[in-house]
J.: 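For reference, the structure I am asking about is given below.
Not measured: the values here are computed from a predicted model. All ligand and atom numbering here is 1-based and tracks the order in the structure.
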Amino acid sequence: MWIRQAVWEYSAYRVQDLRPGTGPEIAFVGRSNAGKSSVINCLVGWRLARVGKRPGHTPALNFYRIDTHCYWVDFPGYGYAQRSQVERGRWRRLAESYFRHRPSLRGIILVMDSRHAPTPLDELLVQWLAPFGYPGIGVLNKVDLLGPAERAVLERRMATWPARWRFVAVIPFSARTGEGRPTLLSWIQKLCFEGPR
Ligand SMILES: Nc1nc2c(ncn2[C@@H]2O[C@H](COP(=O)(O)OP(=O)(O)O)[C@@H](O)[C@H]2O)c(=O)[nH]1
Ligand SMILES: [Mg+2]
(Lines give C-alpha, C1' and ligand atoms only; values in the text may rest on other atoms or scores of the structure.)
(Ligands and ions follow the chains in the order given, each with its own letter.)
Protein backbone atom coordinates (compact mmCIF):
# COMPACT_ATOMS: atom_id res chain seq x y z
CA MET A 1 0.00 0.00 0.00
CA TRP A 2 1.55 3.23 -1.17
CA ILE A 3 0.01 6.43 0.16
CA ARG A 4 0.15 9.41 -2.17
CA GLN A 5 -2.35 11.66 -0.52
CA ALA A 6 -3.68 12.02 3.01
CA VAL A 7 -5.81 14.95 4.05
CA TRP A 8 -7.78 15.96 7.11
CA GLU A 9 -11.45 15.81 6.23
CA TYR A 10 -13.28 16.87 9.41
CA SER A 11 -13.40 16.60 13.19
CA ALA A 12 -16.38 15.35 15.15
CA TYR A 13 -16.73 16.88 18.60
CA ARG A 14 -20.28 15.79 19.22
CA VAL A 15 -22.52 12.94 18.10
CA GLN A 16 -24.35 15.22 15.68
CA ASP A 17 -21.05 16.08 13.94
CA LEU A 18 -20.59 12.49 12.72
CA ARG A 19 -21.19 12.03 8.99
CA PRO A 20 -22.07 8.74 7.33
CA GLY A 21 -19.03 6.85 6.06
CA THR A 22 -18.42 7.05 2.33
CA GLY A 23 -15.62 4.51 1.96
CA PRO A 24 -13.73 1.80 3.84
CA GLU A 25 -12.71 3.11 7.25
CA ILE A 26 -10.10 2.19 9.85
CA ALA A 27 -10.29 3.47 13.43
CA PHE A 28 -7.19 4.09 15.58
CA VAL A 29 -7.94 3.81 19.28
CA GLY A 30 -5.91 3.49 22.45
CA ARG A 31 -4.85 5.16 25.63
CA SER A 32 -3.70 8.76 25.60
CA ASN A 33 -0.02 8.93 24.80
CA ALA A 34 0.21 5.38 23.42
CA GLY A 35 1.09 6.97 20.09
CA LYS A 36 -2.03 6.83 17.89
CA SER A 37 -1.26 10.06 16.09
CA SER A 38 2.40 9.10 15.72
CA VAL A 39 1.45 5.74 14.21
CA ILE A 40 -0.80 7.50 11.68
CA ASN A 41 1.99 9.93 10.79
CA CYS A 42 4.48 7.09 10.44
CA LEU A 43 2.13 5.22 8.10
CA VAL A 44 1.46 8.18 5.83
CA GLY A 45 5.08 9.33 5.95
CA TRP A 46 4.60 12.90 7.09
CA ARG A 47 3.11 14.94 9.91
CA LEU A 48 -0.63 14.73 9.34
CA ALA A 49 -2.02 14.13 12.83
CA ARG A 50 -1.17 16.29 15.80
CA VAL A 51 1.27 14.71 18.24
CA GLY A 52 1.28 16.03 21.76
CA LYS A 53 1.97 15.19 25.35
CA ARG A 54 -1.06 16.84 26.89
CA PRO A 55 -4.50 17.18 25.36
CA GLY A 56 -4.87 20.94 25.44
CA HIS A 57 -7.98 21.10 23.31
CA THR A 58 -11.40 19.49 23.21
CA PRO A 59 -11.07 15.85 22.20
CA ALA A 60 -12.53 14.99 18.80
CA LEU A 61 -12.65 12.18 16.30
CA ASN A 62 -10.43 13.28 13.44
CA PHE A 63 -11.26 11.91 10.00
CA TYR A 64 -8.52 11.69 7.38
CA ARG A 65 -9.03 10.76 3.76
CA ILE A 66 -6.27 8.49 2.50
CA ASP A 67 -5.89 8.80 -1.26
CA THR A 68 -9.40 8.86 -2.64
CA HIS A 69 -10.86 5.68 -1.33
CA CYS A 70 -10.15 5.04 2.33
CA TYR A 71 -10.66 6.88 5.65
CA TRP A 72 -8.69 6.75 8.87
CA VAL A 73 -10.16 7.93 12.15
CA ASP A 74 -7.89 9.17 14.93
CA PHE A 75 -9.72 8.72 18.22
CA PRO A 76 -9.12 10.97 21.18
CA GLY A 77 -7.02 9.33 23.87
CA TYR A 78 -8.96 7.10 26.15
CA GLY A 79 -8.67 7.34 29.92
CA TYR A 80 -6.60 10.44 30.30
CA ALA A 81 -6.41 10.78 34.08
CA GLN A 82 -6.78 14.54 34.21
CA ARG A 83 -9.95 14.52 32.20
CA SER A 84 -13.17 15.14 34.04
CA GLN A 85 -15.99 12.69 34.44
CA VAL A 86 -18.02 14.84 32.05
CA GLU A 87 -15.41 14.55 29.32
CA ARG A 88 -15.13 10.79 29.77
CA GLY A 89 -18.89 10.50 29.41
CA ARG A 90 -18.65 12.53 26.23
CA TRP A 91 -15.95 10.22 24.87
CA ARG A 92 -18.13 7.19 25.53
CA ARG A 93 -21.23 8.66 23.93
CA LEU A 94 -19.33 9.77 20.85
CA ALA A 95 -17.45 6.48 20.50
CA GLU A 96 -20.59 4.45 21.15
CA SER A 97 -22.67 6.19 18.54
CA TYR A 98 -19.79 5.79 16.08
CA PHE A 99 -19.16 2.07 16.70
CA ARG A 100 -22.80 1.07 17.12
CA HIS A 101 -23.64 1.62 13.49
CA ARG A 102 -20.70 2.04 11.14
CA PRO A 103 -21.07 -0.22 8.10
CA SER A 104 -18.04 1.41 6.46
CA LEU A 105 -15.76 0.47 9.38
CA ARG A 106 -13.46 -2.42 8.37
CA GLY A 107 -11.24 -2.65 11.39
CA ILE A 108 -10.04 -1.18 14.66
CA ILE A 109 -6.38 -0.63 15.38
CA LEU A 110 -5.66 -0.69 19.10
CA VAL A 111 -2.44 1.19 19.74
CA MET A 112 -0.68 0.20 22.97
CA ASP A 113 2.56 1.27 24.58
CA SER A 114 4.73 -1.85 24.40
CA ARG A 115 6.49 -0.97 27.65
CA HIS A 116 3.28 -1.50 29.61
CA ALA A 117 0.97 -3.48 27.31
CA PRO A 118 -1.60 -4.63 28.04
CA THR A 119 -2.54 -2.13 30.74
CA PRO A 120 -5.85 -2.39 32.65
CA LEU A 121 -7.13 0.41 30.41
CA ASP A 122 -6.16 -1.55 27.28
CA GLU A 123 -8.04 -4.55 28.68
CA LEU A 124 -11.06 -2.38 29.41
CA LEU A 125 -11.05 -1.02 25.88
CA VAL A 126 -10.77 -4.52 24.38
CA GLN A 127 -13.74 -5.71 26.46
CA TRP A 128 -15.75 -2.62 25.60
CA LEU A 129 -15.09 -2.90 21.86
CA ALA A 130 -15.61 -6.66 21.56
CA PRO A 131 -19.44 -6.71 21.32
CA PHE A 132 -19.36 -4.35 18.32
CA GLY A 133 -17.73 -7.19 16.37
CA TYR A 134 -15.18 -5.38 14.20
CA PRO A 135 -11.87 -7.07 13.32
CA GLY A 136 -9.05 -5.77 15.51
CA ILE A 137 -5.32 -5.33 15.12
CA GLY A 138 -3.08 -4.77 18.12
CA VAL A 139 -0.14 -2.44 17.63
CA LEU A 140 2.63 -2.62 20.25
CA ASN A 141 4.09 0.81 19.70
CA LYS A 142 7.41 2.23 20.95
CA VAL A 143 9.37 -1.05 20.72
CA ASP A 144 12.41 1.14 20.00
CA LEU A 145 12.44 1.87 23.74
CA LEU A 146 12.83 -1.80 24.68
CA GLY A 147 16.08 -3.67 25.17
CA PRO A 148 16.40 -7.27 23.96
CA ALA A 149 15.45 -8.73 27.35
CA GLU A 150 12.39 -6.49 27.71
CA ARG A 151 11.40 -7.38 24.20
CA ALA A 152 11.52 -11.09 24.97
CA VAL A 153 9.36 -10.48 28.04
CA LEU A 154 6.87 -8.52 25.93
CA GLU A 155 6.65 -11.30 23.37
CA ARG A 156 6.00 -13.91 26.06
CA ARG A 157 3.42 -11.68 27.72
CA MET A 158 1.54 -11.12 24.47
CA ALA A 159 1.65 -14.79 23.46
CA THR A 160 -0.18 -15.74 26.65
CA TRP A 161 -2.49 -12.73 26.73
CA PRO A 162 -6.03 -14.09 27.23
CA ALA A 163 -7.50 -11.47 24.85
CA ARG A 164 -4.97 -12.28 22.09
CA TRP A 165 -7.52 -14.37 20.14
CA ARG A 166 -9.69 -11.32 19.60
CA PHE A 167 -7.10 -9.82 17.25
CA VAL A 168 -6.37 -10.83 13.67
CA ALA A 169 -2.79 -9.69 14.29
CA VAL A 170 -0.63 -8.18 17.03
CA ILE A 171 2.30 -6.26 15.60
CA PRO A 172 5.44 -4.90 17.30
CA PHE A 173 5.77 -1.36 16.00
CA SER A 174 7.80 1.80 16.31
CA ALA A 175 6.54 5.09 14.98
CA ARG A 176 10.08 6.34 15.51
CA THR A 177 12.03 3.73 13.52
CA GLY A 178 9.26 2.50 11.22
CA GLU A 179 9.52 -1.08 12.46
CA GLY A 180 6.30 -2.93 11.65
CA ARG A 181 5.16 -0.31 9.16
CA PRO A 182 5.01 -2.60 6.07
CA THR A 183 3.18 -5.29 8.06
CA LEU A 184 0.58 -2.88 9.43
CA LEU A 185 0.04 -1.26 6.03
CA SER A 186 -0.54 -4.61 4.39
CA TRP A 187 -3.10 -5.55 7.07
CA ILE A 188 -4.90 -2.25 6.58
CA GLN A 189 -4.93 -2.87 2.85
CA LYS A 190 -6.33 -6.34 3.41
CA LEU A 191 -9.08 -5.14 5.75
CA CYS A 192 -10.08 -2.26 3.49
CA PHE A 193 -10.00 -3.94 0.13
CA GLU A 194 -10.11 -7.70 0.52
CA GLY A 195 -12.45 -8.42 3.41
CA PRO A 196 -12.91 -10.31 5.72
CA ARG A 197 -16.33 -8.69 5.28
N1 LIG B 1 10.24 6.46 21.39
C2 LIG B 1 9.04 6.52 20.82
N3 LIG B 1 8.18 7.52 21.15
C4 LIG B 1 6.97 7.57 20.55
C5 LIG B 1 6.59 6.59 19.58
N6 LIG B 1 5.33 6.88 19.18
C7 LIG B 1 4.95 7.99 19.84
N8 LIG B 1 5.93 8.42 20.68
C9 LIG B 1 5.85 9.58 21.58
O10 LIG B 1 4.79 9.39 22.50
C11 LIG B 1 4.09 10.61 22.77
C12 LIG B 1 2.61 10.48 22.46
O13 LIG B 1 2.42 10.32 21.06
P14 LIG B 1 1.02 10.67 20.36
O15 LIG B 1 1.14 10.21 18.97
O16 LIG B 1 0.65 12.10 20.59
O17 LIG B 1 0.03 9.73 21.19
P18 LIG B 1 -1.56 9.70 21.18
O19 LIG B 1 -2.02 10.50 22.37
O20 LIG B 1 -1.93 8.25 21.36
O21 LIG B 1 -2.04 10.25 19.87
C22 LIG B 1 4.79 11.68 21.93
O23 LIG B 1 5.71 12.36 22.74
C24 LIG B 1 5.51 10.87 20.84
O25 LIG B 1 6.66 11.51 20.36
C26 LIG B 1 7.54 5.54 19.25
O27 LIG B 1 7.30 4.62 18.45
N28 LIG B 1 8.73 5.57 19.90
MG1 LIG C 1 -3.33 11.82 19.39
J.: Quick check on contacts: which atoms of ligand 1 are under 4.0 angstrom from a heavy atom of Ser38?
T.: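 Once the distances to Ser38 are compared, the set is 6 (N), 7 (C), 13 (O), 14 (P), 15 (O), 24 (C).
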J.: I'd like to know if Glu25 pairs up with Arg106 as an ion pair, taking the criterion as any Lys NZ or Arg NE/NH1/NH2 lying under 4.0 Å from an Asp or Glu carboxylate oxygen.
T.: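 The answer is no: the pair does not qualify as a salt bridge.
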J.: Is the number of heavy atoms from other residues, nucleotides or ligands under 6.0 Å of Arg92 CZ greater than 12?
T.: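 Counting other residues, nucleotides and ligands, CZ of Arg92 stays at 12 neighbours or fewer.
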J.: Tell me which part of Asn141 gets within contact of ligand 1: side chain, backbone, both or neither, using heavy atoms under 4.0 Å.
T.: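 The part of Asn141 near ligand 1 is the side chain, not the backbone.
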J.: For residues Thr177 and Asp144, is any side-chain donor paired with an opposing acceptor at under 3.5 Å?
T.: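 Absent: no donor and acceptor within the cut-off.
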J.: Can you name the atoms of ligand 1, numbered from 1 with element, that are less than 4.0 Å from a heavy atom of Ala175?
T.: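 Once the distances to Ala175 are compared, the set is 6 (N), 26 (C), 27 (O).
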J.: Among side-chain atoms of Thr119 and Asp122, is any donor-acceptor pair under 3.5 angstrom?
T.: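 Note: Thr119 and Asp122 side chains meet the donor-acceptor criterion.
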J.: If I apply the N/O under 3.5 Å rule, does Phe173 come out as touching ligand 1?
T.: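 It does not: no N or O of Phe173 is found under 3.5 Å from an N or O of ligand 1.
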J.: With heavy-atom distances below 4.0 Å as the criterion, list the atoms of ligand 1 near Arg31.
T.: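 Ligand 1 atoms under the 4.0 Å threshold to Arg31: 20 (O).
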J.: Determine whether the aromatic ring centres of residues Tyr71 and Tyr10 are separated by less than 6.0 angstrom.
T.: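 Aromatic pair excluded; centres sit 6.0 Å or further apart.
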J.: Which ligand 1 atoms are under 4.0 Å away from a heavy-atom of Ala34?
T.: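 Near Ala34, the atoms of ligand 1 are 20 (O).
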J.: Would one find an N, O or S atom of Ser32, in either backbone or side chain, under 2.8 Å from the Mg ion (ligand 2)?
T.: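 It does not; every qualifying atom lies at 2.8 Å or beyond.
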J.: Examine the side chains of Trp91 and Glu96 and answer whether a donor and an acceptor come within less than 3.5 Å of each other.
T.: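 Judged by distance alone, the side chains do not pair up.
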J.: Flag Gly35 as yes when one of its N or O atoms lies below 3.5 Å from any N or O atom of ligand 1, and as no otherwise.
T.: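 The answer is yes, given that Gly35 and ligand 1 share an N or O pair closer than 3.5 Å.
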J.: Under a 4.0 Å N-O cut-off, is there an ion pair linking Lys142 with Asp113?
T.: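 Salt bridge between Lys142 and Asp113, a charged N being under 4.0 Å from a carboxylate O: yes.
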J.: Taking only heavy atoms of Ser174, which atoms of ligand 1 are found under 4.0 Å from at least one of them?
T.: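 Those qualifying, in numeric order: 27 (O).
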J.: Could you tell me which atoms of ligand 1, counted from 1 in the order shown, lie closer than 4.0 angstrom to a heavy atom of Ser37?
T.: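 Within the 4.0 Å cut-off of Ser37, ligand 1 contributes 15 (O), 21 (O).
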J.: Test your reading of the structure: does Lys142 have an N or O sitting under 3.5 Å from an N or O of ligand 1?
T.: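 Min N/O separation from ligand 1 is below 3.5 Å for Lys142.
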J.: Just checking Phe167 against Trp187, ring centres under 6.0 Å apart?
T.: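 When the ring centroids of Phe167 and Trp187 are compared, they turn out to be at least 6.0 Å apart.
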J.: Answer yes or no for Arg19 and Phe63: cation-pi contact, defined as NZ/CZ to six-membered ring centre under 6.0 Å and angle to ring axis within 45°.
T.: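 Judged by the rule, Arg19 and Phe63 form no cation-pi pair.
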J.: Just which atoms of ligand 1 are under 4.0 Å from any heavy atom in Leu145?
T.: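 The list of qualifying atoms is 1 (N).
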J.: Quick check: does Asn33 get an N/O under 3.5 Å from an N/O on ligand 1?
T.: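 So ligand 1 has an N or O lying under 3.5 Å from an N or O of Asn33.
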J.: Just which atoms of ligand 1 are under 4.0 Å from any heavy atom in Asp144?
T.: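 It comes down to these atoms of ligand 1: 1 (N), 2 (C), 26 (C), 27 (O), 28 (N).
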